[in-house]
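A short worksheet on the structure shown next.
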Amino acid sequence: MSPPIDTNALARPEFLPDPDRSREEMESLQRELAAAATFADDLDFTPAEIAIDEAADRSTGLPPARSEPTGDLDPDAPVVVGIDQAFRPERDEAISAAVAIRDGCVIEYADAVTPLSIPYVPGLLAFREGEPILAALEALSVEPDLLVCDGSGRIHFRQAGIATHVGVIRDLPSVGVAKRLLCGEPDEPVGERPEGWSTAIRADDSVERVGGDVDDADADPDAGPPVIGHAYQSRQYPNSRRVNPLYVSPGHRASAETTVELVAALCAGYKLPEPTRLADAHADRVKRRLDGDG
DNA sequence: GCGACAG
DNA sequence: ATCTTGTCGC
């Protein structure tokens with residue numbers, strides 16, 4: 001009999017986010033991480049293969065009842081894992097939730113509760129939330145094919161946002177989905193835009209250049225600063241208040257262009273992609289249960 | 001010194 | 001992120 005394979009083994013443990021580091025050490029680790037990251041496609045599936053067309057119920061994670069009783073789910077479809085967190089400020093704890101989705105349906109929920117060691121500092125988010133996220137991923141029994149993180153990836157001062165950090169540590173394709181822009185400059189102004197619209201986010205003076213940039217088509221100086229992500233209008237209302245776009249960026253093993261397509265395929269009528277929505281809901285449930293217990 | 005900044 | 005109620009509009 002063959003020994004069980006630990007699919008949760010860390011590929012790059014040297015990048016583990018250790019909060020006992022100085023700001024300078026954290027920043028230099030991020031530079032190494034960005035150099036180790038791949039901002040080009042290295043996936044064995046297409047956006048179409050992970051597409052989700054019906055939004056699940058937030059509390060049950062189940063598809064709508066009106067959904068056709070289709071045949072069996074495809075057991076070979078890629079597994080997309082959404083990750084999100086909730087907090088208990090009074091106890092200084094983070095609740096991390098990971099939701100695994102295959103063929104549009106939730107196949108597993110996992111979560112972890114971790115003490116928070118450092119405060120939130122823009123640009124150093126992974127050192128606050130990285131450990132909790134990795135703990136939730138380890139609690140998962142399925143092996144992810146794609147990670148969808150709540151926050152930036154390449155859209156980051158050192159091109160090593162939380163999606164990149166987690167993606168590189170696990171050596172898994174990952175994308176970052178942020179609700180607000182950390183840095184960089186949109187090609188076109190982000191005004192009232194129709195659903196499906198997107199524009200490139202390019203590095204500005206606050207973004208350090210990394211070795212990976214030379215692999216970009218944008219390495220050509222005439223082409224302007226490298227594209228580090230996109231603003232993507234995942235949802236818009238016809239006659240109502242404007243919805244802000246999402247800011248999506250490569251974490252690891254995905255190009256900026258493919259990242260938009262992956263996120264677009266994972267959106268099913270809400271502003272946030274389904275994996276993120278459901279992870280958010282799960283984190284909320286765990287938090288409420290914990291608050292109820294005391 | 002001022003500005004600016006994911007969750 | 002979290003603390004929090006109602007409220008404006010489709």
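Sequence lines set the chain letters: A, B, ... in the order given, protein chains first and strands last, and positions in each chain run from 1. Quick caveat, the model's predicted, so the values are computed rather than measured.
Screening A:Val99, A:Leu140, A:Leu172 for a side chain to side chain contact (heavy atoms under 4.5 Å, CB included) with A:Val81, the sole residue that qualifies is A:Leu140. With A:Arg253 as the partner, the side chain to side chain contact (heavy atoms under 4.5 Å, CB included) test is satisfied by one option alone out of A:Asp44, A:Thr38, A:Thr258: A:Thr38.
You'll find that the side chain of A:Asp150 is closest to B:dG7, out of C:dT2, B:dG7, B:dC5. Ranking C:dT2, B:dC5, B:dG7 by closeness to the A:Phe157 side chain, first place goes to B:dC5.
No engagement by A:Gly176 is indicated, since no non-hydrogen atom pair under 4.0 Å with the nucleic acid exists. Across all strands, A:Ala94 comes closer than 4.0 Å to no nucleic acid atom at all (heavy-atom distances).
Nucleotide B:dG7 holds its C1' atom 12 Å from the CG atom of A:Leu124, rounded to whole Å. Distance, A:Ile133 CD1 to C:dA1 P: 13 Å, rounded to whole Å. For A:Glu90 and C:dA1, the CD to P distance is 16 Å, given to the nearest whole Å. Straight-line distance from the CG atom of A:Leu181 to the P atom of B:dA4: 13 Å, rounded to whole Å. For the pair A:His165 NE2 and B:dA6 P, the computed distance is 19 Å after rounding to whole Å. Rounded to a whole Å, the CD atom of A:Gln159 is 15 Å from the C1' atom of B:dA6. B:dG7 atom C1' lies 9 Å from atom CG of A:Asp84, rounded to whole Å. Put simply, CZ on A:Arg288 is 16 Å from C1' on C:dT4, counting in whole angstrom units.
Both A:Val166 and A:Val121 belong to a common hydrophobic cluster when Ile, Leu, Val, Met, Phe, Trp and Tyr are linked at side-chain heavy-atom distances under 4.5 angstrom. The hydrophobic clustering, which links ILVMFWY residues whose side-chain heavy atoms are closer than 4.5 Å, places A:Val168 and A:Ile83 together. Under the 4.5 Å side-chain heavy-atom criterion for grouping Ile, Leu, Val, Met, Phe, Trp and Tyr, A:Tyr247 is not connected to A:Leu266 through any hydrophobic cluster.
Where pairing requires Watson-Crick or G-U contacts shorter than 3.5 Å, DNA chain B shows no helical stem with at least three consecutive pairs.
Interatomic distance, OG of A:Ser152 versus NZ of A:Lys179, reported as 10.5 Å (0.5 Å rounding).
Considering only side-chain N and O atoms, A:Lys179 lies nowhere under 4.0 angstrom from the phosphate OP1 or OP2 of B:dA6. Look at A:Tyr247 and you won't find any side-chain N or O under 4.0 angstrom from OP1 or OP2 of B:dA6.
A:Glu274 places a side-chain N or O within donor-acceptor distance of the main-chain N or O of A:Ala56, the cut-off being under 3.5 Å.
A stacking contact between A:Tyr120 and C:dA1 is absent: the pair does not combine a ring-centre distance of less than 5.5 Å to the base's six-membered ring with planes differing by less than 30°.
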